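Working notes, structure below.
What you see is a predicted model; the values in this text were computed from it and never measured.
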Amino acid sequence: MSPTLLRRQFVSAPPAWPQLQSMIDEVKDGDLDRRTFIRRMIGLGLTAPMAAQVLALGGVAMAQSISPYKPTKRGGGGPLKLLWWQGPTLLNPHFGVGTKDQDGSRLFYEPLASWDPEGNLSLILAAEIPSIQNGGLSPDGKSVTWKLKPGVKWHDGKPFTADDVVFNWQYAKDPATAAVTIAIFRDITVEKVEDLTVRILFDKPTPFWANAFVGPYGAIIPKHLFANYAGVQSREAPNNLKPVGTGPYKFVEFKPGDLIRGELNSDYHMPNRPYFDSIEMKGGGDAVSAARAVIQTGEYDYASNIQVEDEVLLRLEKGGTGKTIYAVGADIETIFLNLSDPNTEVDGERSSLKTKHPLFSDPAGRKALSMLVDRDAVQKVIYGRAGRATANFFNGLPQFVSKNTSWEFNIEKAAKLLGEAGWKPGVDSIREKDGKKLKLIFQTSINGPRQKTQAIVKQACQKAGIDVELKSVVASVFFSSDAANPDTMNKFYADIEMSAFLGSPPDPDRFLSSFHSRNIPSKENKWQGFNLPRYASQEYDATIDAAKVEIDPVKRASLYIKANDLLWQDAVLIPVIHRLKVAASSNSLRVVVSGWGTDTDHLQDWYREAT
């Protein structure tokens with residue numbers, strides 16, 4: 001049976017809501033324990049966190065995240081030294097295109113809740129997790145009410161209230177603000193109920209209600225400092241570089257791309273936290289030197305995103321003062337194909353939707369390139385323990401991964417597809433069509449594994465008659481949200497580019513909704529969308545729109561699998577490696593790192609312990 005038939009058969013599976021409701025009732029009555037229910041939901045293709053939210057909508061309260069924190073007093077832990085080789089360049093969470101800026105912002109700003117390593121919600125600025133029992137969740141799935149923790153203060157002493165939460169919604173949903181968080185906020189309404197209570201309203205039943213104000217994209221900025229800088233003035237706010245948050249550390253100094261320093265917040269709203277007296281996040285260098293500075297020399301306590309060849313990590317771990325740590329999530333290393341023309345300017349904009357790419361506007365060209373990516377070589381030579389070759393863009397628990405996709409490395413088939421599409425070898429063996437040589441620019445950030453992946457792809461392309469120029473951009477530039485910067489991944493002034501989608505929440509919506517046509521980066525939205533290929537498909541948009549409001553979890557899972565399969569079928573991107581989150585930590589440091597967020601999401605729970 002063909003993959004297409006398999007997909008259609010799965011998507012049209014009969015609703016399972018009556019059986020599901022029966023299971024929820026069993027959990028309520030104590031005849032079925034929560035763990036067994038979640039295991040059964042995983043078998044149907046849900047992640048554990050999504051299964052927990054299904055229980056919540058069914059009237060069973062969500063499990064509370066349990067903190068492993070041991071210290072019995074605030075402070076006294078000395079300095080905490082972090083090394084982010086991709087240094088943050090701004091400190092406003094609404095403008096964090098790359099995880100580096102989200103991580104840096106998260107030192108100071110906080111959301112209502114975050115996802116812990118087990119996929120449970122961990123309270124931050126919220127007083128309780130919404131549920132049917134406490135009135136936080138409406139039975140129809142069309143609203144969620146959050147109660148805010150009392151007594152929380154901004155670092156300048158002003159009180160944190162519902163007005164701040166409502167303002168963040170207004171700020172982010174305004175297209176003129178050009179926030180990367182607009183997709184989260186534009187289709188909801190947030191209203192103040194009381195000084196410490198807010199309600200989020202959805203137009204339709206929304207099963208994944210823990211999205212706005214939750215996790216790395218949910219961090220909240222103060223209304224009293226940003227109200228005069230909303231809309232077109234958003235990039236002019238002085239506090240984009242001088243954060244005043246509610247977090248465990250207060251801002252001291254920021255040198256974009258180089259250094260962030262903070263000091264203990266003596267008024268922090270969690271008892272006995274933080275443990276450390278000061279914090280430093282150093283930027284610059286490369287992943288190998290960062291790993292060495294933690295694991296081997298002990299100069300730093302923790303280094304993030306250690307995207308280093310596995311054989312290098314194995315050598316460093318022998319006899320060092322630190323270790324490599326891993327977290328499982330949905331991080332995916334991906335090659336994106338530009339469906340627009342990066343070399344033609346229309347109305348002051350390159351890579352415009354008004355243009356078509358000479359090769360990739362043809363499905364045959366896209367499928368040919370997908371056959372020139374040797375995923376096995378990338379996994380074995382570069383990632384080792386930290387990656388798995390895949391054809392799926394969304395990856396999580398094995399039961400959730402689409403079984404309808406496949407990948408093939410085949411230079412001969414790729415060459416045949418190109419020939420049939422009219423690209424014939426020239427006298428120099430480079431293919432050409434209508435007098436135009438098949439020359440492509442392949443860009444990514446400066447990073448050892450990515451440069452090696454580029455080389456593997458280039459070698460295969462050369463054998464197929466494609467001339468590929470490799471371009472490497474400094475990470476702080478490539479992942480920048482600066483609208484004036486021509487080398488950002490969102491502007492995509494190249495034919496091919498490679499980056500990773502990181503820090504997904506447990507639900508697939510944010511990852512897969514990125515490729516809805518309304519999220520295409522453009523001059524109009526200051527290039528803030530994450531639909532990097534400029535993919536515009538009515539079928540894909542309709543599938544995502546349907547999934548967002550589907551209450552039946554089995555049907556909902558099937559819709560997201562269909563969306564994943566459409567990306568594969570249309571070959572607008574090439575998933576390469578499902579990556580583990582990899583970091584380096586000193587042996588004495590006790591960290592909480594979740595694969596469902598950024599490295600700094602649970603910084604308040606970090607401490608040191610004698611070894």
Side-chain angles (χ1 to χ4, degrees), residues 88-98 100-102 104-105 108-109 111 154 156 158 162-192 198 200 212-213 216-245 251 254 256-257 340 345-354 476-493 513-514 516-532 534:
T89 51
L90 55 80
L91 298 177
N92 183 328
H94 290 289
F95 300 145
V97 171
K100 62 183 180 61
D101 296 322
Q102 296 166 15
S105 299
F108 309 106
Y109 294 116
W154 295 102
D156 60 4
K158 303 285 186 181
D163 292 325
D164 295 300
V165 180
V166 173
F167 167 73
N168 275 255
W169 162 67
Q170 295 168 332
Y171 177 90
K173 77 181 182 72
D174 182 353
T177 301
V180 300
T181 50
I182 188 173
I184 296 172
F185 293 103
R186 65 183 159 203
D187 293 328
I188 64 175
T189 300
V190 182
E191 61 183 21
K192 176 181 176 180
V198 296
I200 301 173
F213 308 112
Y217 285 97
I220 298 168
I221 60 176
K223 176 181 179 180
H224 66 280
L225 294 177
F226 284 90
N228 292 331
Y229 296 96
V232 295
Q233 300 298 320
S234 63
R235 291 303 197 279
E236 307 303 319
N239 293 102
N240 286 341
L241 302 178
K242 296 180 179 180
V244 175
F251 174 78
F254 179 41
S340 61
E345 184 173 306
V346 177
D347 299 328
E349 179 180 3
R350 291 161 58 190
S351 292
S352 166
L353 268 178
K354 297 176 182 178
S476 60
V477 173
F478 190 66
F479 298 111
S480 170
S481 61
D482 181 2
N485 189 331
D487 290 323
T488 65
M489 69 172 184
N490 289 45
K491 281 198 171 176
F492 203 170
Y493 290 170
S513 291
S514 297
H516 194 290
S517 62
R518 64 182 178 179
N519 294 322
I520 293 174
S522 66
K523 181 181 179 181
E524 184 180 2
N525 62 26
K526 299 181 183 177
W527 293 277
Q528 295 306 302
F530 284 110
N531 186 342
L532 303 180
R534 280 64 171 164

Point to revise | Side-chain donor or acceptor of Arg186 paired with backbone N/O of Ile184 under 3.5 Å | key: no
Review point. Does the side chain of Glu349 come within less than 4.5 Å of Ser522's, by heavy atoms?
Key: yes
**Study point:** Any side-chain heavy-atom pair of Leu90 and Asn240 under 4.5 Å
**Key:** no
Review point. Do Ser340 and Ser352 have side-chain heavy atoms sitting under 4.5 Å apart?
Key: no
Check your understanding: Between OG of Ser351 and NZ of Lys491, what distance do you get to the nearest 0.5 Å?
Key -> 10.5 Å
Review point. Does atom CD of Glu524 have more than 12 heavy-atom neighbours from other groups under 6.0 Å away?
Key: no
Practice item. Measure the spacing between NZ of Lys526 and CG of Asp482 and express it to the nearest 0.5 Å. Key: 11.0 Å
Point to revise | Considering all heavy atoms, the nearest Leu241-Phe251 contact | key: O-CZ, 3.6 Å
Check your understanding: Among side-chain atoms of His224 and Asp156, is any donor-acceptor pair under 3.5 angstrom?
Key -> yes
Practice item. Apply the test side-chain contact (heavy atoms from CB on, under 4.5 Å) to residues Phe254 and Leu91: give CA-CA distance (whole Å), side-chain angles for both, the deciding distance (0.1 Å), then the verdict. Key: CA-CA 9 Å; Phe254 179 41; Leu91 298 177; 3.7 Å; yes
**Study point:** Lys173 versus Thr181, side-chain donor and acceptor atoms under 3.5 Å
**Key:** no
**Study point:** Under 3.5 Å donor-acceptor, Asn168 side chain and Ile221 backbone
**Key:** yes
Exercise for review: Measure the shortest side-chain to side-chain distance between Asn531 and His516 over non-hydrogen atoms and say whether it is less than 4.5 angstrom.
Suggested key: no
Practice item. First locate atom CD of Glu236, then atom OH of Tyr229, and finally report the distance between them rounded to the nearest 0.5 Å. Key: 8.5 Å
Practice item. Apply the test side-chain contact (heavy atoms from CB on, under 4.5 Å) to residues Ile200 and Phe213: give CA-CA distance (whole Å), side-chain angles for both, the deciding distance (0.1 Å), then the verdict. Key: CA-CA 10 Å; Ile200 301 173; Phe213 308 112; 3.8 Å; yes
**Study point:** Shortest non-hydrogen separation from Val244 to Trp154 and the atoms involved
**Key:** O-CE3, 3.4 Å
Review point. Checking Asn519 side chain against Ser513 main chain: does a donor-acceptor pair fall under 3.5 Å?
Key: yes
Practice item. Please tell me if the side chains of Pro243 and Tyr109 come closer than 4.5 Å, counting only heavy atoms from C-beta onward. Key: yes
Check your understanding: For Asp101 and Phe479, what are the C-alpha separation, side-chain angles and deciding distance, and is it a side-chain contact (heavy atoms from CB on, under 4.5 Å)?
Key -> CA-CA 9 Å; Asp101 296 322; Phe479 298 111; 5.8 Å; no
**Study point:** Arg235 to Phe95 six-membered ring, cation-pi geometry met (6.0 Å, 45°)
**Key:** yes
Revision key, fill the gap. One should read off an interatomic distance between Asn485 CG and Trp527 CH2, to the nearest 0.5 angstrom, of 11.0 Å
Exercise for review: Tell me, please, which residues at least two apart from Lys523 pass salt bridge (Lys or Arg N to Asp or Glu O under 4.0 Å).
Suggested key: none
Practice item. Let me see the working for Tyr217 and Gln102 under side-chain contact (heavy atoms from CB on, under 4.5 Å), right down to the final yes or no. Key: CA-CA 8 Å; Tyr217 285 97; Gln102 296 166 15; 2.6 Å; yes
Check your understanding: Looking at CG of Asp164 and NZ of Lys223, how far apart are the two atoms once the value is rounded to the nearest 0.5 Å?
Key -> 8.0 Å
Review point. What heavy-atom pair brings Ser234 and Ala176 nearest, and what distance separates the two atoms?
Key: OG-O, 4.4 Å
Review point. What residues, two or more places apart in sequence or in another chain, satisfy ring pair (Phe, Tyr, Trp, His ring centres under 6.0 Å) together with His94?
Key: Tyr171
Check your understanding: Side chains of Thr89 and Lys100: does their closest heavy-atom pair fall under 4.5 Å?
Key -> yes
**Study point:** Spacing of Asn525 atom CG and Arg518 atom CZ [to the nearest 0.5 Å]
**Key:** 12.5 Å
Practice item. Search all heavy atoms of Ile188 against all heavy atoms of Ala212 and return the closest pair with its distance. Key: CD1-CB, 3.7 Å
**Study point:** Thr488 side chain reached by Ser480 side chain, heavy atoms, under 4.5 Å
**Key:** yes
Practice item. Kindly give the heavy-atom pair with the smallest separation between Pro521 and Gly529, and that separation in Å. Key: CG-O, 3.0 Å
Practice item. Identify the two heavy atoms, one from Pro222 and one from Phe167, that lie closest to each other, and give their separation to 0.1 Å. Key: O-CE2, 4.3 Å
**Study point:** Non-hydrogen side-chain atoms of Asp347 and Lys354 separated by less than 4.5 Å
**Key:** yes
